[in-house]
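A quick write-up on the structure given underneath.
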Amino acid sequence: MTNNLFKKKVLFILLFAISNFVQAQKSLVLWYDKPSGNVWERALPIGNGKIGAMVYGNVSQEILQLNETSVWTGSPNRNDNPDALASLPAVRKLVFDGKQKEAEILSEKTIQSKKSNGQIFQPVGSLNLRFANHENYTNYRRELNIERAISTTTYSVDGVQYTRTSFVSSPTNTLVVRITANKANSISLDAFFTTPQKNVKLSTNSRKQLILHGATAGHEGVEGNQLKFNALTTFKQQGGSITSNDTLTKITGANEVIIYVNIATNFNSYKDLSGNEIARTEADLQKALPKPYATLLNEHVANFQSFFNRVKLDLGSNPAAEQKPTDVRLDEFRTNNDPTFASLYFQYGRYLLISSSKIGGQPANLQGIWNNKMFPSWDSKYTININTQMNYWPAEKTNLSEMHEPLLKMVKELSETGQETARIMYGSRGWVAHHNTDLWRITGPVDRIFWGVWSMGGAWLCQHLWERYLYTGNKAYLAEIYPILKGASLFFVDDLVEDPRNKYLVINPGTSPENAPAAHQGSSFDAGVTMDNQIVFDMLSVTIRAAELLKKDQQLVDTLKTIRKRLSPMRIGQYNQVQEWMEDIDSPNDKHRHISHLYGLFPSNQISPYRTPELFVGANNTLIQRGDVSTGWSMGWKVNWWARMLDGNHAHLLIQNQLSPLGVNAAGGGTYPNLFDAHAPFQIDGNFGCTSGIAEMLVQSHDGAIHLLPALPDFWKEKGSISGLKTRGGFEIVKMTWTNGKVTSLQIKSTIGGNCRLRIGAALKGKNVNLQTAKGENSNPLFITEETAKPIISPKASIILASIPPTFLYDFTTEKGKVYTFDVQ
Ligand code: FUC
């Protein structure tokens with residue numbers, strides 16, 4: 001090669017690399033042309049599942065607001081009400097007699113926890129960086145690159161360009177901030193901690209480190225001063241000088257500064273606080289400090305991308321919109337077709353899950369891992385009547401199974417603490433959890449009994465254990481989780497009672513999370529509530545299937561099957577809706593944010609256009625009657641429901657409603673400038689719910705087959721592709737492309753073998769596969785769908801059913817590890 005040719009080739013490669021980089025930058029970056037000021041919901045979240053930080057990007061007064069996953073108030077405790085058992089017969093009788101309000105009043109005293117309503121997830125404090133004389137700046141930009149999990153702030157002062165780069169490294173469990181300038185000796189700053197925590201000591205030491213040591217308080221009678229935390233900030237600077245006084249470290253005239261923040265607690269488990277928070281921060285620091293910055297950064301990016309890069313999504317682009325700052329794009333999204341913004345939001349959900357839920361940390365709570373308030377809304381706990389489950393809807397399908405781990409561990413722990421609750425309060429075997437839990441894995445009913453009476457939290461969470469099995473087919477894992485499933489079912493075996501009105505086996509007292517029918521004098525209490533029936537049905541079904549697969553407990557299987565037959569079926573009511581309550585007392589004007597009786601449509605699969613068409617139409621009517629705009633998480637759930645209704649345009653409308661700045665939706669939620677979901681206030685479930693919904697619009701696998709492009713909206717039809725989504729049965733969509741709403745190419749990997757059944761709108765031709773037209777049940781056991789009892793009244797369902805596009809159904813046999821390629825005919 002001549003020298004010139006070589007140079008040209010290098011130039012070409014460079015240009016290609018740069019254009020790729022710029023492309024990636026544009027589509028997977030949140031960026032702003034103004035600092036956050038004092039607005040937390042403008043700051044940008046970074047985290048590694050243990051340490052979380054909100055980076056404000058302020059120029060002269062920078063704030064990194066800090067969290068650690070186990071910094072909660074209180075200490076090991078329980079909150080059962082032992083009076084429950086004796087009062088249950090009276091409560092049940094009142095409910096069966098139609099005296100729901102009286103039952104609720106009695107239960108407020110006898111079932112409601114008399115102890116704590118759960119503890120609070122709290123902030124550690126903030127690291128403040130003060131830069132003198134930086135008030136007049138130009139060329140400002142701050143961004144969060146969600147493909148690299150790095151936040152960067154750049155600006156110029158007096159002709160010097162400054163760059164701050166922040167990330168939380170998983171390999172070293174350290175928050176790293178690097179400050180550089182393009183002129184020597186330009187970096188001067190004061191660094192100090194502040195904290196809203198009361199029981200703390202701030203200090204510096206001879207190494208010029210900043211130390212924030214403290215203990216959280218007690219709350220609602222639960223002992224405090226037990227959970228200890230330590231935050232340690234360490235500086236490494238080039239050039240200039242470093243000094244410190246009591247609580248402040250000062251750097252003057254440096255060329256570069258690297259800041260390491262380590263945070264740890266003495267928390268080992270919900271019953272053990274014997275860790276050493278000080279030794280832990282020092283040990284983590286020693287993992288980070290010796291490494292050159294480039295190594296730290298590269299290891300961080302590699303670790304993050306080993307999860308993030310598994311899925312790529314292209315929904316089309318709008319180059320004009322892509323040039324604009326993220327807050328402007330958010331403002332315009334509902335009136336502008338900006339498909340890259342939808343894919344950015346989808347990937348942001350995956351970014352947030354990787355950053356807030358990792359092995360060794362706690363599950364993502366109501367705010368993930370980011371909270372600056374001592375008394376955040378709902379204590380930033382785990383509300384397990386929807387919100388915590390929603391956080392994990394994207395985990396398996398968007399190829400982040402590892403991020404599911406902290407939740408699965410929590411379910412195991414609840415199955416331990418919940419045994420005593422089952423025994424003491426209900427006289428039942430097995431275990432139970434109500435509608436909330438916290439770091440200490442409380443399982444008793446909290447808040448007012450109106451909400452707290454619901455006893456399905458554990459059983460719903462068990463569906464996550466089962467779902468992971470359906471995605472992986474891992475029998476050893478199934479054997480591990482089986483005792484937890486069995487325990488949740490045993491609770492129901494003992495707790496279900498016969499309804500004298502109709503002889504069904506029902507949960508009493510039960511409720512449909514947080515709603516109350518007017519006909520019951522506004523009491524939330526009832527028996528045989530639809531969601532209870534659906535969750536019990538799923539719980540018994542998965543236990544039966546798990547026991548059969550593991551060849552265990554035949555007698556129990558027989559019992560569960562007998563009980564399952566006696567559960568009440570779903571019903572279609574007078575407004576052609578799926579009934580929420582046993583009686584037909586729903587109001588078509590009820591706009592309540594919870595639509596719990598559609599649990600059967602999503603996340604469960606009891607309602608299907610192909611298997612239960614009457615219920616499918618009923619669900620459609622229910623969704624229309626409840627309306628679209630609501631709290632953020634409710635809109636996130638609705639994206640999934642409309643995807644399951646196979647209505648991509650309605651799902652997209654909900655995405656537009658959800659991705660509206662707060663205040664646009666009258667009496668509803670929306671999205672903050674940093675793309676955090678707004679209940680309001682910030683609640684992360686909506687982010688995760690919508691991410692799951694977008695995946696459900698592209699690929700579904702709950703209804704006996706892998707359904708490709710089940711709900712593609714007109715906005716994304718023209719051209720697009722998705723790579724890396726997972727499905728039940730251990731399949732991975734290696735890549736699927738589409739044009740004009742039709743799949744144009746497809747590659748599917750089988751990770752465990754078995755029959756693969758595809759449902760698709762266009763005829764397929766296999767390249768290395770023998771496709772058969774599918775008939776009967778899918779022979780792959782990971783796709784079995786359970787027969788639910790049919791509704792009692794059947795409405796005229798034909799109009800909606802006729803609008804469902806026809807599909808082709810194919811079967812082909814797969815081998816473990818092989819990739820199958822298809823063309824569209
Ligand atoms: C449930 C919801 C509320 C809120 C809270 C954290 O109680 O009904 O809207 O999301 O959880």
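Remember, it's a predicted structure, so these values are computed and weren't measured experimentally.
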For this session: Flag the pair R571 and E583 as a salt bridge only when some basic side-chain nitrogen lies within less than 4.0 angstrom of an acidic carboxylate oxygen.
Result: no

For this session: Please name the residue in the list L461, L408, V411 that meets the side-chain contact (heavy atoms from CB on, under 4.5 Å) test with I484.
Result: V411

Exercise. Is the Lys NZ or Arg CZ of R501 less than 6.0 Å from the centre of F96's six-membered ring, within 45° of the axis?
Worked result: no

Exercise. Is it true that K409 and E405 have a side-chain N and a carboxylate O under 4.0 angstrom from each other?
Worked result: no

For this session: Start with the C-alpha distance between H594 and W633, add both sets of side-chain angles, then the distance that settles ring pair (Phe, Tyr, Trp, His ring centres under 6.0 Å), and finish with yes or no.
Result: CA-CA 9 Å; H594 288 258; W633 66 258; 4.7 Å; yes

Exercise. Quick one: do the E104 and S523 side chains pair a donor with an acceptor below 3.5 Å?
Worked result: yes

Problem set entry | Interatomic spacing from CZ in R644 to CG in L623 - rounded to 0.5 Å | 12.5 Å

Problem set entry | Criterion side-chain contact (heavy atoms from CB on, under 4.5 Å) on I449 and F525, from CA distance to verdict | CA-CA 9 Å; I449 199 67; F525 274 44; 3.8 Å; yes

Problem set entry | Distance-only polar pair, side chains of K397 and S692, donor-acceptor under 3.5 Å | yes

For this session: Run the numbers on Q100 and H520 for side-chain hydrogen bond (donor to acceptor under 3.5 Å, both in side chains), then give the verdict.
Result: CA-CA 6 Å; Q100 291 85 1; H520 293 174; 3.3 Å; yes

Exercise. Does T511 use its side chain to pair, donor to acceptor, with the backbone of S524 at less than 3.5 Å?
Worked result: yes

Problem set entry | Listed partners of T530 passing side chain to side chain contact (heavy atoms under 4.5 Å, CB included), at least two apart | Q534, M570, H597

Exercise. Sub-3.5 Å donor-acceptor pair from the side chain of R441 to the main-chain atoms of E413, do we have one?
Worked result: no

Problem set entry | Side-chain heavy atoms of H707 within contact of Y610, under 4.5 Å | yes

For this session: Inspect the surroundings of NZ in K475 and state if more than 12 heavy atoms from other residues, nucleotides or ligands are less than 6.0 Å away.
Result: no

For this session: Can you sort out the partners of F450 under ring-ring contact (aromatic ring centres under 6.0 Å, His included), two or more places apart, ordered by chain and number?
Result: none

Problem set entry | Which residues share a side chain to side chain contact (heavy atoms under 4.5 Å, CB included) with E732, sequence neighbours left out | N399, K726, K749

Exercise. Can a salt bridge be assigned to the pair D83 and K109 using a cut-off of 4.0 Å between side-chain N and carboxylate O?
Worked result: no

Exercise. Do you know the tightest heavy-atom contact between P513 and H592?
Worked result: O-CE1, 4.3 Å

Exercise. Do E396 and R728 meet the salt-bridge criterion of a basic N to acidic O distance under 4.0 Å?
Worked result: no

Problem set entry | Contact check, side chains of D499 and M582, non-hydrogen atoms, under 4.5 Å | yes

Exercise. Distance under 6.0 Å and angle within 45° of the ring axis: does R757 meet both against F783?
Worked result: no

For this session: Specify whether W466 and Y469 have parallel, tilted or perpendicular ring planes, treating 30° as the upper limit for parallel and 60° as the lower limit for perpendicular.
Result: tilted

Problem set entry | Sole candidate of N621, T622, D586 that passes side-chain hydrogen bond (donor to acceptor under 3.5 Å, both in side chains) when paired with Q577 | D586

For this session: Could you tell me whether the side chains of N755 and N778 share a donor-acceptor contact shorter than 3.5 Å?
Result: yes

Exercise. Under 3.5 Å, is there a donor-acceptor pair between the side chain of E696 and the main chain of W641?
Worked result: no

Exercise. Charged N to carboxylate O under 4.0 angstrom, D494 versus R429?
Worked result: yes

Problem set entry | Nearest heavy atoms of D447 and N117, plus distance in Å | N-OD1, 2.7 Å

Exercise. Does atom NZ of K101 have more than 12 heavy-atom neighbours from other groups under 6.0 Å away?
Worked result: yes

For this session: Decide whether R423 and S428 meet the rule of one side-chain donor and one side-chain acceptor closer than 3.5 Å.
Result: no

Problem set entry | Expected output: side-chain D584 to main-chain Q574 donor-acceptor under 3.5 Å | yes

For this session: Would you confirm whether N780, through its side chain, and L782, through its main-chain N or O, come within 3.5 Å as a donor-acceptor pair?
Result: yes

Exercise. Taking Y477 for the side chain and T472 for the main chain, is one N or O donor matched with an acceptor at less than 3.5 Å?
Worked result: no

Exercise. Is any side-chain N of the basic residue among R566 and E498 closer than 4.0 Å to the acidic one's carboxylate O?
Worked result: yes

Exercise. Just checking, is any N or O donor in the side chain of D80 or T421 under 3.5 Å from an acceptor N or O on the other one?
Worked result: yes

For this session: Compute whether any side-chain donor of one residue and acceptor of the other, for N515 and E580, lie under 3.5 angstrom apart.
Result: yes

For this session: Decide salt bridge (charged side-chain N to carboxylate O under 4.0 Å, His left out) for R611 and E787; before the verdict, give the C-alpha distance in whole Å, the side-chain angles of both, and the deciding distance to 0.1 Å.
Result: CA-CA 8 Å; R611 292 178 287 119; E787 263 304 288; 5.7 Å; no

Problem set entry | Side-chain touch F491/W431, heavy atoms, less than 4.5 angstrom | no

Exercise. Is there side-chain contact between S630 and W637, with at least one heavy-atom pair below 4.5 Å?
Worked result: no

For this session: Begin with the C-alpha distance, continue with both residues' side-chain angles, and end with the deciding distance and a verdict on side-chain contact (heavy atoms from CB on, under 4.5 Å) for D538 and Q606.
Result: CA-CA 9 Å; D538 276 353; Q606 296 172 27; 2.8 Å; yes

Exercise. Is there a donor-acceptor contact under 3.5 Å linking the side chains of Y392 and S357?
Worked result: yes

For this session: Could you walk me through whether D685 and Q389 pass side-chain hydrogen bond (donor to acceptor under 3.5 Å, both in side chains), step by step?
Result: CA-CA 8 Å; D685 43 13; Q389 287 88 344; over 6 Å; no

Exercise. Does the side chain of S608 pick up a donor-acceptor pair with the side chain of D703 at under 3.5 Å?
Worked result: yes

Problem set entry | Pair E420 + R78: basic N to acidic O under 4.0 Å | yes

For this session: Please name the pair of heavy atoms, one in T437 and one in M410, separated by the smallest distance, quoted to 0.1 Å.
Result: CG2-CE, 4.0 Å

Exercise. Knowing that exactly one of Y599, W581, W454 qualifies, which makes a side-chain contact (heavy atoms from CB on, under 4.5 Å) with S512?
Worked result: W581

For this session: Could you go through the side-chain contact (heavy atoms from CB on, under 4.5 Å) check for N81 and I111 one step at a time?
Result: CA-CA 6 Å; N81 187 338; I111 298 183; 5.5 Å; no

Exercise. Salt bridge or not for E514 and R593, using N-O below 4.0 Å?
Worked result: yes

Problem set entry | No-hydrogen, no-angle side-chain donor-acceptor test under 3.5 Å, N387 and Y382 | no

Problem set entry | R92/D495 ion pair, N-O < 4.0 Å | yes

Exercise. Can any side-chain N or O of H434 pair as donor or acceptor with the backbone N or O of T443 at less than 3.5 Å?
Worked result: yes

For this session: Verify the distance criterion only: is there a donor paired with an acceptor across the side chains of Q119 and N77 at less than 3.5 Å?
Result: no

For this session: Check the surroundings of atom CZ in R448: do more than 12 heavy atoms from other residues, nucleotides or ligands lie under 6.0 Å from it?
Result: no

Problem set entry | Test log, rule side-chain hydrogen bond (donor to acceptor under 3.5 Å, both in side chains), inputs S701 and T727 | CA-CA 6 Å; S701 64; T727 78; 4.6 Å; no

For this session: Could you walk me through whether V493 and L496 pass side-chain contact (heavy atoms from CB on, under 4.5 Å), step by step?
Result: CA-CA 6 Å; V493 172; L496 285 161; over 6 Å; no

